[in-house]
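Below is one structure, written out as structure tokens; the observations come after it.
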Amino acid sequence: MEIHVSVKAETLWSIDLGPLGTLHITNSFLTMILVMVFILIFFSLIARKASIIPGRMQSAFEIAAQFVLDLVEGTAGRQFGRRIFPLCGALFFFIILSNYSGLLPGVGTIGKEEVHSAAEETHARIAAIERPGDDSAAPAAEEGETVLVPFLRSPSADLNMTLAMALVTFTIVQVAGVRAHGVVGRIKHMANPPFLFPIEVVSELSRIVSLSFRLFGNIFAGEVLVTVMYAMASAILEKTKYIAIFAFAIPTVFLFLEVLFGFVQALVFALLTLIYISLAAAGHDDHEEEHAHGAAHPVPHPVGSAAGD
Amino acid sequence: MDALGINFANLVVQVVAFLLFIFLFWRFALGPITRTLDARQERIRESVQAAEEMQKQLAATKAQNEAVLAEARREAQEIIARAREVSEQNIARSREQAQAQADEMLAKAREGIAAEVAQARAELRQETADLAIAAATKIIRANLDRQAQMRLIEETLAEAGGRNGSRPGGA
């Protein structure tokens with residue numbers, strides 16, 4: 001049995017956008033739309049019926065929202081925290097549910113069979129557990145193999161999506177910095193001392209890479225791990241029919257781990273966004289002062305929230 | 001880039017989609033819930049404040065009540081004391097009046113008794129005199145027979161003769 005893992009999201013169909021290029025409706029793009037629609041409908045319905053005395057669903061939503069809000073207000077201060085809360089909250093909710101969408105049964109496993117020629121292969125074959133007497137996999141890879149293209153794939157396991165979020169974050173960080181200090185102030189702020197300016201620029205740009213690759217790497221690796229565990233479990237089940245309990249126990253342990261990692265990665269992305277924006281808007285002096293006093297410091301010119309509220 | 005799955009058109013669409021998602025999520029879900037949280041927090045704060053205020057008022061009312069009660073108690077004590085004083089005065093006065101009345105009655109009684117004693121004495125004397133006279137009359141009437149009368153006359157004459165002899169000029 002060969003495990004097929006593709007680093008990039010597989011295209012289901014394409015739309016020509018003219019000068020912008022071709023929009024590939026990939027499986028993770030489709031899942032992104034589904035997750036967004038689900039979040040918007042589900043949470044809007046909860047919020048629409050929200051009352052002072054909450055129901056169960058409202059309580060659950062409120063606990064999560066309060067958790068992020070406390071984090072944001074605790075780090076950025078009450079006033080400024082409120083302005084960046086829409087971004088951080090949306091990031092947290094979208095990323096955590098994107099991560100969890102990859103754990104649902106059917107995501108990554110239901111799809112269409114496609115024949116890929118060896119020359120077109122961009123996916124990495126990271127592991128192969130061969131069935132006894134099944135030697136057909138190796139020659140097939142050279143001639144062109146039949147692979148499963150899943151209809152759904154976690155949006156976080158697609159670098160395009162994580163990069164899009166990192167770019168949004170990066171842009172808002174820069175806007176916050178410029179709003180707080182002005183263009184000249186922002187450059188001065190970065191060039192202090194002047195020879196550090198190139199390093200600061202690289203550091204700022206590297207955040208795009210670090211944010212996007214961290215999330216993508218963790219979630220993608222997690223999915224690969226779970227896939228491998230499923231494959232291993234099915235191999236165990238085939239070979240030793242008497243200890244079938246292992247076949248279910250092994251992937252379950254890793255699924256629980258993925259639940260944890262999914263939460264941690266969502267938190268890390270939202271938290272880093274929050275910290276980058278706070279740093280850019282508050283400036284070094286303010287930030288040091290803030291730490292010295294151990295309290296949130298008011299930010300001179302807070303940035304407008306990304307939601308345009 | 002293509003090997004990693006980065007596609008410019010997709011990236012643009014995903015950025016726009018994500019920005020739209022942030023806006024819609026805040027507008028319809030996160031925003032209202034945050035406002036609900038704030039409203040609840042505000043309400044709790046107000047309730048706690050109101051409760052504290054009420055407790056303060058309660059304490060103030062209690063203190064006021066106690067002051068009023070103490071005042072009332074003091075006034076009651078005063079009234080009781082005054083009443084006692086007045087009643088004692090009344091008792092004393094009525095006792096005096098009773099005493100005076102009693103004395104007066106006693107004096108009148110004594111006077112009456114004395115008058116009656118005097119009258120009784122006078123009447124007794126009168127009666128005694130009358131009785132004596134009656135007795136004397138009866139005795140005299142009983143004893144004065146012929147012989148006795150004669151003897152009495154003789155005695156009387158004898159006495160008178162004796163008296164005349166000793167006392168010249170007398171009858």
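Values below: all heavy atoms of this structure, side chains included; hydrogens, waters and symmetry mates excluded. Residue numbers start from 1 in every chain, and the chains themselves are labelled A, B, ... in the order their sequence lines are given, proteins ahead of strands.
Taken from CG in B:Leu19 to CE in A:Met165, the straight-line distance is 12.0 Å, to the nearest 0.5 Å. With values rounded to the nearest 0.5 angstrom, A:Leu163 atom CG is found 11.5 Å from B:Asn7 atom CG. Remark: A:Gln66 CD to B:Arg40 CZ distance equals 8.5 Å, nearest 0.5 Å. Note: A:Leu91 CG to B:Phe18 CZ = 4.0 Å, rounded to the nearest 0.5 Å.
In the displayed structure, B:Phe8 atom CZ is contacted under 6.0 Å by at most 12 heavy atoms of other residues, nucleotides or ligands.
Applying the ring-ring contact (aromatic ring centres under 6.0 Å, His included) criterion to A:Phe170, with sequence neighbours excluded, gives no partner residue.
Side-chain N or O atoms of B:Asn10 include one that pairs as donor or acceptor with a backbone N or O of A:His24 at under 3.5 Å.
Between chain A and the options B:Val12, B:Val16, B:Asp38, heavy-atom pairs under 4.5 Å are most frequent for B:Asp38. Between chain B and the options A:Ala9, A:Gly21, A:Pro54, the largest number of non-hydrogen pairs under 4.5 Å is found for A:Pro54.
The side chain to side chain contact (heavy atoms under 4.5 Å, CB included) with B:Gln14 is formed by just one residue from the set A:Asn160, A:Val168, A:Thr162; it is A:Asn160.
With a threshold of 4.5 angstrom between heavy atoms, A:Leu23 approaches chain B through its backbone and through its side chain. Looking at A:Phe92, there are no atoms closer than 4.5 Å to chain B (heavy atoms on both sides), in backbone or side chain.
In this structure, the side chains of A:Met36 and B:Leu24 stay at 4.5 Å or more apart for every pair of heavy atoms. Side-chain contact between A:Gln58 and B:Thr36 is present, with at least one heavy-atom pair separated by less than 4.5 Å. Put simply, the side chain of B:Leu30 reaches to within 4.5 Å of the side chain of A:Phe61, judged on heavy atoms.
For residues 74-84 of chain B, a heavy-atom distance under 4.5 Å to chain A picks out no residue at all.
Sorted by first then second residue, the salt bridge (charged side-chain N to carboxylate O under 4.0 Å, His left out) pairs that include residues 43-68 of chain B, not counting sequence neighbours, are B:Glu42-B:Arg45.
Taking the six-membered ring where the residue is Trp, A:Phe94 and B:Phe21 present tilted rings, their angle falling between 30° and 60°.
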Can you give the donor-acceptor pairs under 3.5 Å from side chains of residues 39-52 of chain A to other protein atoms, not counting sequence neighbours?
{"from": "A:Ser44", "atom 1": "OG", "to": "A:Leu40", "atom 2": "O", "distance (Å)": "2.4"}
{"from": "A:Ser51", "atom 1": "OG", "to": "A:Ile53", "atom 2": "O", "distance (Å)": "2.6"}

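Here the shortest heavy-atom pairing between B:Ile22 and A:Ala90 reads CG1-CB, 3.8 Å.
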Chi angles and distances behind the side-chain contact (heavy atoms from CB on, under 4.5 Å) call for B:Ile6, A:Lys8: CA-CA 8 Å; B:Ile6 296 168; A:Lys8 70 172 188 178; over 6 Å; no
